[in-house]
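We count ligands from 1, going down the list as the structure has it; atoms in each ligand are counted the same way. These numbers come from the heavy atoms of this one structure, side chains and all, not from hydrogens, waters or symmetry mates.
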Amino acid sequence: MKVSFVEFGKSYKEIKGEILKEIDRVLSVGDLILRDDVKKFEENLANFIGKKYAVGLNSGTDALYLSLKVLGIKSGDEVITSGYTFWATIEAIINCGATPILADIKEDLLINPEDIKRKITTKTKAIIPVHIGGTICDMEKICEITNFFGLFLIDDACQALGVGKFYGEISCFSFYPAKILGGFGDGGAITTNDKELTDKIKLLRNHGGKPHPQLVGYNSRLDNLQAAILNIKLKSLPKIIKRRREIAKIYDEKLKDIKEILLPISQVYQEYNIKSKERDELYEFLKENEIETIKGDYTFPIEVPENCKKANQEVLRLPIWPTLKDNQIKYICQKINEFYN
Ligand SMILES: *Cc1c(COP(=O)(O)O)cnc(C)c1O
C-alpha cells in the first residue's frame with residue numbers, strides 16, 4: 001500500500017465543480033487584483049477568527065514581515081520567537097533589521113514562557129509565539145509576559161488556523177497549499193482588531209497606496225483568484241479539521257503502547273508530530289514500505305537552543321492529509337509497530 005504525505009489532486013477533485021465555476025466566473029469578468037473576492041475573503045476570515053479585520057496578503061512570510069514593519073520594529077530592536085519554527089518567522093525579523101532572539105521549546109515543541117522571560121532585555125520589542133503543528137502555545141503565560149513588559153504580541157498562526165482564540169495585536173496566517181487552509185498557490189493574511197494597523201498594512205501591501213503612494217510599500221497582495229478559491233475552501237474547513245482529528249485519534253489509539261515514541265496533542269493537527277530517538281531509521285523503514293513521512297527538521301543557518309536541536313533530530317511528521325483513508329493510517333501504524341517489535 002502506498003501512502004503520500006499530501007494529496008492535493010484528491011482534495012481538488014472533491015470540490016472540482018464548484019472551483020471550476022468560480023475560476024470561470026472570476027476570469028470571465030476579469031476580476032484579478034484587489035477585487036470583491038479579496039474583500040469577501042477578508043470578511044469571511046475575520047469572522048472565522050473572531051477579529052474585526054483581516055487583510056489578504058501574498059504569503060504568511062509577508063504577513064509576518066508587514067506585521068513587524070507596521071508595529072515599527074527596526075534595527076536595534078530584539079524580537080523573541082521560538083527556535084523551533086519554519087525559517088520564515090526568523091527571516092521576517094532579520095529583514096526588518098531587528099535581531100531574532102530564539103527561545104527554547106518545551107517537550108510539546110512549543111515556545112517555553114520561562115525561557116522567553118530569561119531572554120528579555122531593554123531592546124526587546126515583540127514576541128512571536130509560533131503555534132507549531134496546529135497547537136496553541138501557552139498564551140496565558142505569554143500574555144502575562146507581554147502585558148508586564150509592554151511588548152507587542154504577534155501570532156505566527158501559519159500552522160494554526162482554527163485552533164481557537166488569538167491574543168496577539170496581529171495574527172499571521174499562510175495559505176500555502178500544504179497548510180490546513182491551502183490555496184492553489186501562495187497566499188497569506190493577517191487578522192487584528194486595530195483599524196489603524198489594518199489600514200496601514202493595506203497601504204504597505206499595495207505600494208504604499210495607488211495611484212499616489214503615501215509611504216514606501218511592497219507588492220504583497222493576495223490574488224483575487226486565490227481569494228475566490230479560498231472562499232470556497234474556507235467553508236469546508238470545519239470538516240477538514242474534523243477529519244484531521246479523526247486520523248489523529250487512530251494514530252493515538254494504535255501507537256500509544258510504543259514506549260519509544262512520544263505522541264502529540266493538538267487542536268487542529270496541521271501536523272501529527274511524533275518524537276523518536278530512532279527517527280532517521282524509522283523514516284527510512286517507512287520509506288521502504290512506500291509510506292511518505294517528513295522529518296520535522298527546522299535546521300537553519302543560525303544557532304538554536306538545546307531542545308530545538310533535539311527536536312530537529314527526533315521529530316517525524318506522519319501523513320494526516322484529510323483525504324487519506326482509515327486503512328492507510330492503520331497500515332502506517334502497523335508498520336511503525338513492526339519497526340519497534
Ligand atoms: C508556512 C509557514 C510560514 C510561512 O508561510 P508562507 O505562506 O509559506 O510564506 C511561516 N511560519 C510558519 C510556522 C509556517 O509554517
Side-chain angles (χ1 to χ4, degrees), residues 5-6 8 38 41 45 49 54-69 73 79-96 100 102-103 105 108-111 126-137 139 142 153-163 166 168 170-191 201 204-205 218-223 226-227 229-230 233-234 244 264 266-273 294-300 302 304 308 311-312 315 317 320-321:
F5 194 76
V6 293
F8 294 140
V38 173
F41 176 66
L45 182 69
I49 299 294
V55 182
L57 299 167
N58 62 337
S59 66
T61 304
D62 275 24
L64 288 159
Y65 176 70
L66 295 183
S67 298
L68 290 163
K69 272 277 169 195
I73 306 299
V79 177
I80 300 176
T81 191
S82 172
Y84 189 71
T85 182
F86 181 50
W87 179 228
T89 321
I90 297 156
E91 278 179 315
I93 299 168
I94 295 171
N95 284 333
C96 284
L102 303 185
I105 52 171
D108 59 8
L109 305 176
L110 302 172
I111 194 165
I127 295 174
I128 309 181
V130 184
H131 310 299
I132 211 87
T135 313
I136 193 94
C137 296
M139 292 319 293
I142 293 171
L153 180 61
I154 302 169
D155 293 285
D156 183 338
C158 288
Q159 297 191 6
L161 189 60
V163 298
F166 294 106
I170 308 179
S171 306
C172 303
F173 302 91
S174 166
F175 310 118
Y176 178 80
K179 300 294 161 88
I180 208 143
L181 176 66
F184 295 151
D186 278 307
I190 63 96
T191 61
I201 288 182
L204 286 177
R205 77 171 168 186
Y218 307 87
N219 178 355
S220 303
R221 299 176 300 239
L222 174 66
D223 284 346
Q226 285 302 338
I229 289 161
L230 289 169
K233 288 196 153 194
L234 185 61
R244 283 177 177 269
S266 176
Q267 284 83 38
V268 295
Y269 290 99
Q270 165 69 56
E271 313 289 357
Y272 193 91
N273 287 318
I294 293 180
K295 293 179 187 180
D297 185 355
Y298 289 118
T299 304
F300 34 64
I302 61 173
V304 299
C308 303
N312 286 334
V315 175
R317 297 200 185 118
I320 193 158
W321 196 254

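- Interface atoms of ligand 1 facing T89, defined by a heavy-atom separation under 4.0 Å, are 11 (N).
- Ligand 1 has no atom lying under 4.0 Å from any heavy atom of A63.
- Within the model, atoms OG1 of T85 and CD1 of I132 stand 4.5 Å from one another, a figure rounded to the nearest 0.5 Å.
- Counting atoms of ligand 1 from 1 in the listed order, those under 4.0 Å from a heavy atom of V130 are 13 (C).
- Proximity annotation for atom 7 (O) of ligand 1: of A178, P177, S174, S174 comes nearest, heavy atoms only.
- For atom 11 (N) of ligand 1, the nearest non-hydrogen atom of the protein is D156 OD2, 2.8 Å.
- Taking a cut-off of under 4.0 Å to the non-hydrogen atoms of S59, the atoms of ligand 1 that pass are 7 (O), 9 (O).
- The distance criterion of under 3.5 Å between nitrogen or oxygen atoms is not met by D186 with respect to ligand 1.
- Looking at S220 and N58, their side chains come closer than 4.5 Å, going by heavy atoms from C-beta outward.
- Close placement of the F175 and F41 rings is indicated, their centers lying within 6.0 Å of each other.
- A donor-acceptor pair under 3.5 Å is formed between the side chain of Q270 and the backbone N or O of I180.
- Proximity of a side-chain donor or acceptor of Q267 to a complementary backbone N or O of I136 within less than 3.5 Å is detected.
- In terms of polar-atom proximity, G60 is counted as a contact of ligand 1, with an N or O under 3.5 Å from an N or O of the ligand.
- Atom 10 (C) of ligand 1 has its closest protein heavy atom at C158 SG, 3.5 Å.
- The CD1 atom of I128 sits 11.5 Å away from atom OG of S171, with the distance rounded to the nearest 0.5 Å.
- Each of the atoms 7 (O) of ligand 1 lies under 4.0 Å from some heavy atom of G187.
- Residue A103 comes nearest to I80 through the heavy atom pair CB-CG2, 4.0 Å, listed as atom of the first residue, atom of the second, then distance.
- Backbone and side-chain nitrogen or oxygen atoms of T85 are examined, and none is located within less than 3.5 angstrom of a nitrogen or oxygen of ligand 1.
- Taken from OG1 in T89 to CZ in F300, the straight-line distance is 8.0 Å, to the nearest 0.5 Å.
- Shortest non-hydrogen contact noted between I93 and P100 is CG2-N, 3.6 Å.
- Remark: minimum distance from atom 2 (C) of ligand 1 to any protein heavy atom is reached at K179 NZ, 2.7 Å.
- Checked against a 3.5 angstrom limit, the closest N/O atoms of T61 and ligand 1 fall inside it.
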